[in-house]
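Here is the structure we will look at.
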Amino acid sequence: MEDSYNPQAIIEKWLEFWEDRGTFEAEGPTDNGSPGRPRSYVVSMFPYPSGDLHMGHAEVYSIGDSIARFTRMRGANVLNPIGWDSFGLPAENAALKRDMDPKEWTYRNIDVQAESFHRLGISFDWRSRFHTSDPEYYRWNQWLFLRMFERDLAFRRSAPVNWCPVDSTVLANEQVIGGQCERCGSVVQQRDLTQWFFRTTAYAQRLLDDMAQLEGKWPDDVLAMQRNWIGRSEGAHIDFVVEGREAPIRVFTTRPDTLFGATFFVVAADSPLADELCVAERRDEFEAYRAEVRTANEIDRLAKDRPKTGVFLGRHAVNPVNGERIPVYASDYVLSGYGTSAVMAVPAHDQRDLDFAKAFGLPVRTVVDTGEPDPETTGVATAGPGTLVQSGPYDNLPHTEGGGKIVAALAERGVAEKAVTYRLRDWLLSRQRYWGTPIPIVHCPDCGEVPVPDDELPVVLPDSGYQLRPKDGRSPLASAEAWAAVPCPRCGTQARRDTDTMDTFVDSSWYFMRYPNAGYDEGPFDPAGIERWLPVDEYVGGREHSTGHLIYARFMTKVLHDMGYLPFVEPFRRLINQGQVVMNGKAMSKTLGNLVNLQEQISAHGPDAVRVTMLFAGPPEDDIDWADVSPTGAVKWLARVWRLAGEVGAVPVDAAPADGDSALRKEVHHLVAETTTLMEGRRLNVAIARLMQLTSSLRRAVDGKPGPKDPGVREGTEALVRMLSCFAPFTAEECWERLGRPASVCEAGWPEADPALLVTETVTCVVQVNGKVRARLEVPATVEDAALEELVRAADPVRQALRGAAVKKVIVRAPRLVNLVV
RNA sequence: GCCCCGAUAGCCCAAUCGGCAGAGGUGCCGUCCUCAAAAGGCGGAUGUGCGGGUUCGAAUCCCGCUCGGGGUACCA
């Protein structure tokens, strides 16, 4: 046996042992496993293979792993899977830069990451492994797409995209920096392209309602973010007749009470409506304005307090409540993607409308008296509650009541109704990219959009004959002429494949359902696996996915539920967001540089110490500043445990634990109980602190009073090592062996605290005088209020503290506290 | 601008029911061991961001600020 702790020397041995023994394989992933044994499904968000693992990865998987190990040690059958989110743009960029195949780059990185996961000692069940770029996986993206297409949940519509005029290509949002093309710096334009969408808006209300199931189990800030993102807003739809147009134009407003104050009407400048409404005489002015809006859009959007701009369209609308003619303007402050892309403008009670009115010299009419000064003179709109004025029959009503009556009256004439809108948009799927899932649709000149038949799936990406960045700005797949040209599946006419690929969020919206049977080929996931493991019990990942991935996964789960494939509507029962790993307050990334390198940290301190350092640094959701933490401190602690295990293991056990030193055993069992509670609450940093405390107690016990031979010392050391295995698996195995126990410690179970040892006979009672601590007394733990008061009043130190003053009031909280008020 | 979260020792963090401010780490100082040092053992000091309120009692609850972090951004 070695005489000093060497974290590197013990890695290989245990990796081989675990693998040979299948220590971390879930029992019967798709069958029932042992009857009655609880199951738990712990999933960490799967990685994108951008290169080797970095500090951030180490943190997420260390958190997920310690939870999986804890749950497993308490007897549950745990599935802790791993896969790769391996489609995506970086593979294309890397391929362009190095002149290689995106596939080659991707799978090489996956292998590097898989090896790094092994060496970190993460307890994955490797049988679950798959990659989203495998045709066996993305085939089911296509299958899902077709099911959604059949239900009208997948559809095509024209939508603006970011367009770089110099590179003549479509850009992803993250390639647009400050309104400019990331690569060439030219100003990005908005262009309309026909694109595929999933109808997420149809699920807006359910995404909101079902959050009730997540309350208290997901972090509050994530729920708040999702609520804002979905952005439910209540109000009314009101129809305005526009002169010279047959159909009225509908607006959405949250303030129907201000309808009498509408002094003009605004439509989104980039909407088809503006184009249609513009009269001939205003055409030139409008076209010029619209061109300006389209090009300058992205840059100006970032500018704060931008002056309001717009053009008069030469027409008037009629306010349905009073027949008043109000001018119609086009402006970019009205958004084309929200509501009906038209608003009634009430400058007195909406700051944006007021700014516009001031810029264009339009009238301001106060119709809600809020008690604040006149908006027209102050330039500050009054948006608060108040009483209606200048509103005809509705004068003097409170604004909410007045609004209700106005809507009711208009509704009788059929020109208004109560309405709810959402900020949430439909999910734009189409990507003009190569490295993604091809959209399984054929465009036929005769039949239109024709789905690829299920038995022809997957539509596999072409290996050759495509350009990654075609100069004409088409999708890469459009340049693969031989691949794109196919006969129509319906009529046989020469047709063309859809040449866009899917957003990679499609891949990650359901991957966790496939892990239980990763090779299943009769559907996206094995129904038996779903039955046994889903929904996910514990999901661990970054907060950056709050409004993206987590909404998409929730949406997809509801869609699959509605199709009858899933019995549940929420995919993740419990969510943990881990913080970032930063260095001196600065985030790490590929562009900012990896200020701390994971592999270097592992070589310097060993995988266990790196894991312990991260988990001990603070609550899982807090950021870790590597400059503030001490990996050498973690090494020191692990070495301490290692030595302790060696010393305790070196002396023979000569009695049962019950014969051990009782003070020590009480302390050990208390610490075990506390650690258990902390682990259940996922308070990993505090749990580790308790283990450190236990280490110190045992060290004192070995060096001093009961001595190393005491059975309580062995009992405590074994408990320590078992609990340690959640955080430092290699060291814990080694310690377990040094204690003379047969491997694996992972199968030794979580220690249980003996309730009999948790009861305390006496506790320290704090005696306060006027809230200030004046004395402490040892009292029986079971003492009653009245008896305690007697005890306290009779105690010498208390009488001294009182100095004869009369006690006016006594507050007794037996057995811990008595407060005497004088 | 709006929404959410946070602020405790030099630093990272505990204090989960409103009841002794300190569990743990790190840094610093002292001490034991040593010829000496390292390693290891033992011990120590420093305070709840600011101002009000509720209460017998507030780090904890309420109100108002300051600072920091995150989200969102003309959403009618």
Side-chain angles (χ1 to χ4, degrees), chain A residues 4-5 219-229 231-233 235 251-255 258 266 268 300-302 304-306 308 331-335 337-346 349-353 355-356 383 421-425 543-544 546-547 577 579-580 585 612-613 616-619 621-634 636-637 639-640 643 671 674 677-678 681 683 685-696 699-700 703-704 764-776 808-811 813 816-822:
Chain A
S4 73
Y5 175 62
D220 288 341
D221 58 336
V222 174
L223 294 176
M225 269 189 246
Q226 294 213 352
R227 227 170 257 123
N228 290 340
W229 192 260
R232 180 187 157 99
S233 100
V251 301
F252 175 72
T253 178
T254 53
R255 295 292 304 273
T258 64
V266 190
D300 286 2
R301 215 170 263 285
L302 303 171
K304 277 183 179 172
D305 296 329
R306 192 162 53 115
K308 292 281 181 286
S331 174
D332 63 351
Y333 88 89
V334 172
L335 306 177
Y338 183 78
T340 58
S341 47
V343 303
M344 62 178 214
V346 184
H349 308 296
D350 182 290
Q351 192 60 47
R352 296 155 300 181
D353 295 344
D355 294 343
F356 191 89
T421 60
Y422 301 88
R423 210 192 71 117
L424 184 75
R425 307 298 165 84
R543 194 176 287 109
E544 66 274 20
S546 299
T547 51
N577 280 144
Q580 282 190 302
V612 166
T613 303
F616 181 59
E621 58 275 13
D622 283 10
D623 284 351
I624 299 170
D625 195 326
W626 205 250
D628 291 336
V629 297
S630 172
T632 54
K636 271 164 70 175
W637 174 51
R640 255 182 127 197
R643 286 192 304 270
L671 286 169
E674 276 185 66
T677 307
L678 290 163
R683 308 197 48 213
N685 57 324
V686 193
I688 290 173
R690 291 294 167 273
L691 298 189
M692 290 174 169
Q693 213 175 328
L694 179 54
T695 309
S696 293
R699 166 52 57 196
R700 275 192 296 272
D703 290 348
T764 307
C765 176
V766 175
V767 183
Q768 298 178 338
V769 178
N770 287 338
K772 300 268 187 286
V773 180
R774 289 287 180 257
R776 293 186 174 86
K808 281 188 271 186
K809 189 175 174 186
V810 183
I811 290 106
R813 293 282 179 277
R816 296 235 169 247
L817 179 130
V818 174
N819 188 14
L820 305 167
V821 184
V822 297

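None of these values were measured; they are calculated from a predicted model. In what follows, chains carry the letters A, B, and so on, assigned in the order in which the sequence lines appear, proteins first and then strands, with residues in each chain numbered from 1.
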Requested in this report: Using the C1' atom as the reference point in each nucleotide, state the distance between B/U31 and B/C50 in Å, no decimals.
Outcome: 41 Å
Query raised in the report: Where each residue is assigned the nucleotide of RNA chain B containing its nearest heavy atom, which of A/V766 and A/D220 is assigned the position nearer the 5′ end?
Result: A/D220
Report task. Provide the distance between the two C1' atoms, one in B/C3 and one in B/A15, to the nearest whole Å. Result -> 30 Å
Query raised in the report: On a whole-Å scale, what distance lies between the P atoms belonging to B/C33 and B/C17?
Result: 47 Å
Query - Identity of whatever pairs with B/C50 - Watson-Crick or G-U, under 3.5 angstrom - result: B/G64
Query raised in the report: Is A/Y333 near enough to B/A76 that one of its side-chain N or O atoms lies under 4.0 angstrom from OP1 or OP2?
Result: no
Query raised in the report: With rounding to whole Å, what would you report as the distance between B/U55 and B/C61 at their C1' atoms?
Result: 10 Å
Query raised in the report: Nearest to the side chain of A/L335, which nucleotide is it out of B/C56, B/A23, B/A76?
Result: B/A76
Query - Of the listed nucleotides B/G41, B/A73, B/C56, the one nearest the side chain of A/N819 - result: B/C56
Report task. Please determine if a side-chain N or O atom of A/K809 lies less than 4.0 Å away from the OP1 or OP2 oxygen of B/G57. Result -> no
Query raised in the report: Quick one: does NZ or CZ of A/K308 land under 6.0 Å from the six-membered ring centre of A/Y333, within 45 degrees of the ring axis?
Result: yes
Requested in this report: Check the distance between B/G24's C1' and A/L694's CG and give it to me in whole angstrom.
Outcome: 13 Å
Query raised in the report: Is the CZ atom of A/R816 crowded by more than 12 outside heavy atoms at less than 6.0 Å?
Result: no
Report task. Under 4.0 Å between any heavy atoms, over every strand shown, what does A/R425 touch: base, sugar-phosphate, or nothing? Just pick one. Result -> base
Requested in this report: Using the P atoms only, state how far B/C62 lies from B/G71, rounded to an integer number of Å.
Outcome: 26 Å
Query raised in the report: Does OP1 or OP2 of B/A76 have a side-chain N or O of A/S233 closer than 4.0 Å?
Result: yes
**Report entry** Span that lies between the P atom of B/G51 and that of B/A58, in whole angstrom
**Finding:** 15 Å
Query - A/D221 bridged to A/R543 by N-O distance under 4.0 Å - result: yes
Report task. Rounded off to whole Å, could you give me the CH2-to-C1' distance for the A/W229 and B/C3 pair? Result -> 14 Å
Indicate every side-chain donor-acceptor pair of residues 626-633 of chain A with a distance under 3.5 Å to a residue at least two apart or in another chain.
from	atom 1	to	atom 2	distance (Å)
A/W626	NE1	A/Q601	OE1	3.2
A/S630	OG	A/T632	OG1	3.2
A/S630	OG	A/G633	N	2.9

**Report entry** Selected nucleotide, minimal atom distance to A/V334 side chain, candidates B/G19, B/A76, B/G41
**Finding:** B/A76
Query raised in the report: Any idea which of B/G41, B/A76, B/C20 is nearest the A/R776 side chain?
Result: B/C20
**Report entry** Partner nucleotide of B/U34 by Watson-Crick or wobble geometry (both distances under 3.5 Å)
**Finding:** none
Requested in this report: Both distances under 3.5 Å, Watson-Crick or G-U wobble: report the partner of B/A15, or none.
Outcome: none
Query raised in the report: Should B/A21 form a Watson-Crick or G-U wobble pair with both distances under 3.5 Å, which nucleotide is its partner?
Result: none
**Report entry** Distance between P atoms of B/U60 and B/U46 (Å, rounded)
**Finding:** 22 Å
Query raised in the report: Do A/T258 and A/M344 come close enough that some side-chain heavy atom pair is under 4.5 Å?
Result: yes
Query raised in the report: Is any N or O donor-acceptor pair between the side chain of A/R255 and the base of B/A76 shorter than 3.5 Å?
Result: no
Query raised in the report: Is B/C2 paired to anything, Watson-Crick or G-U wobble with both distances less than 3.5 Å, and if yes, which nucleotide?
Result: B/G71
Query raised in the report: Paired with B/G57: which nucleotide, if any, by Watson-Crick or G-U wobble criteria at under 3.5 Å for both distances?
Result: none
Query raised in the report: Given atom CZ of A/R690 and atom P of B/C13, what is their separation to the nearest angstrom?
Result: 17 Å
Report summary line: Regarding the side chain of A/V629, the nearest nucleotide among B/C4, B/G24, B/C12 is B/C12
Requested in this report: Supply the atom-to-atom distance A/L820 CG to A/K809 NZ, rounded to the nearest 0.5 angstrom.
Outcome: 12.5 Å
Requested in this report: Could you tell me the separation between the CD atom of A/Q693 and the P atom of B/A15, rounded to a whole number of Å?
Outcome: 13 Å
**Report entry** Minimum-distance nucleotide to A/R813 side chain [options: B/G19, B/G41, B/G70]
**Finding:** B/G19
Query raised in the report: Which nucleotide, B/C13, B/G41, B/A73, lies nearest any side-chain atom of A/P619?
Result: B/C13
**Report entry** Side-chain heavy atoms of A/R699 within contact of A/T695, under 4.5 Å
**Finding:** no
**Report entry** Backbone of A/A383 reached by a side-chain donor or acceptor of A/R255 within 3.5 Å
**Finding:** yes
Requested in this report: Looking at every strand, decide which applies to A/N685 at a 4.0 Å heavy-atom threshold: base, sugar-phosphate, or nothing.
Outcome: sugar-phosphate
Query raised in the report: Say you pick atom C1' in B/C67 and the same atom in B/A23; how far apart are they, in whole Å?
Result: 29 Å
Requested in this report: Report which part of the nucleic acid A/R816 touches: base, sugar-phosphate, or nothing (heavy-atom distance under 4.0 Å, all strands).
Outcome: nothing
Query - From B/A14, B/U72, B/U26, nucleotide with atom closest to A/V686 side chain - result: B/A14
Query raised in the report: For the side chain of A/Q768 and the base of B/G19, is some donor closer than 3.5 Å to an acceptor across the two?
Result: yes
Requested in this report: Tell me what A/K808 touches on the nucleic acid: a base, only sugar-phosphate, or nothing, going by heavy atoms under 4.0 Å.
Outcome: nothing
Query raised in the report: To the side chain of A/F616, which of B/C13, B/G25, B/C42 is closest?
Result: B/G25
Query raised in the report: Quick one: A/E544 CD to B/G71 C1', roughly how many Å, whole number?
Result: 13 Å
Query - Length of the line joining A/D628:CG and B/A7:C1', which is rounded to integer Å - result: 15 Å
Report summary line: Judged by nearest nucleotide, the residue sitting upstream toward the 5' end of RNA chain B, A/A224 or A/S341, is A/A224
Query raised in the report: Given atom CG of A/L817 and atom P of B/G18, what is their separation to the nearest angstrom?
Result: 14 Å
Report task. Assign A/G633 to base, sugar-phosphate, or nothing according to its heavy-atom contacts below 4.0 angstrom with the strands shown. Result -> sugar-phosphate
Query raised in the report: Which nucleotide sits closest to the side chain of A/A689: B/C12, B/G24, B/U26?
Result: B/G24
Query - Approximate separation, where rounding is to 0.5 Å, of A/R690 CZ and A/L671 CG - result: 7.5 Å
Query raised in the report: Rounded to whole angstrom units, what separation is found between the CG atom of A/L691 and the P atom of B/G25?
Result: 12 Å
Query raised in the report: Contact class for A/V821 (heavy atom, under 4.0 Å): base, sugar-phosphate, or nothing?
Result: sugar-phosphate
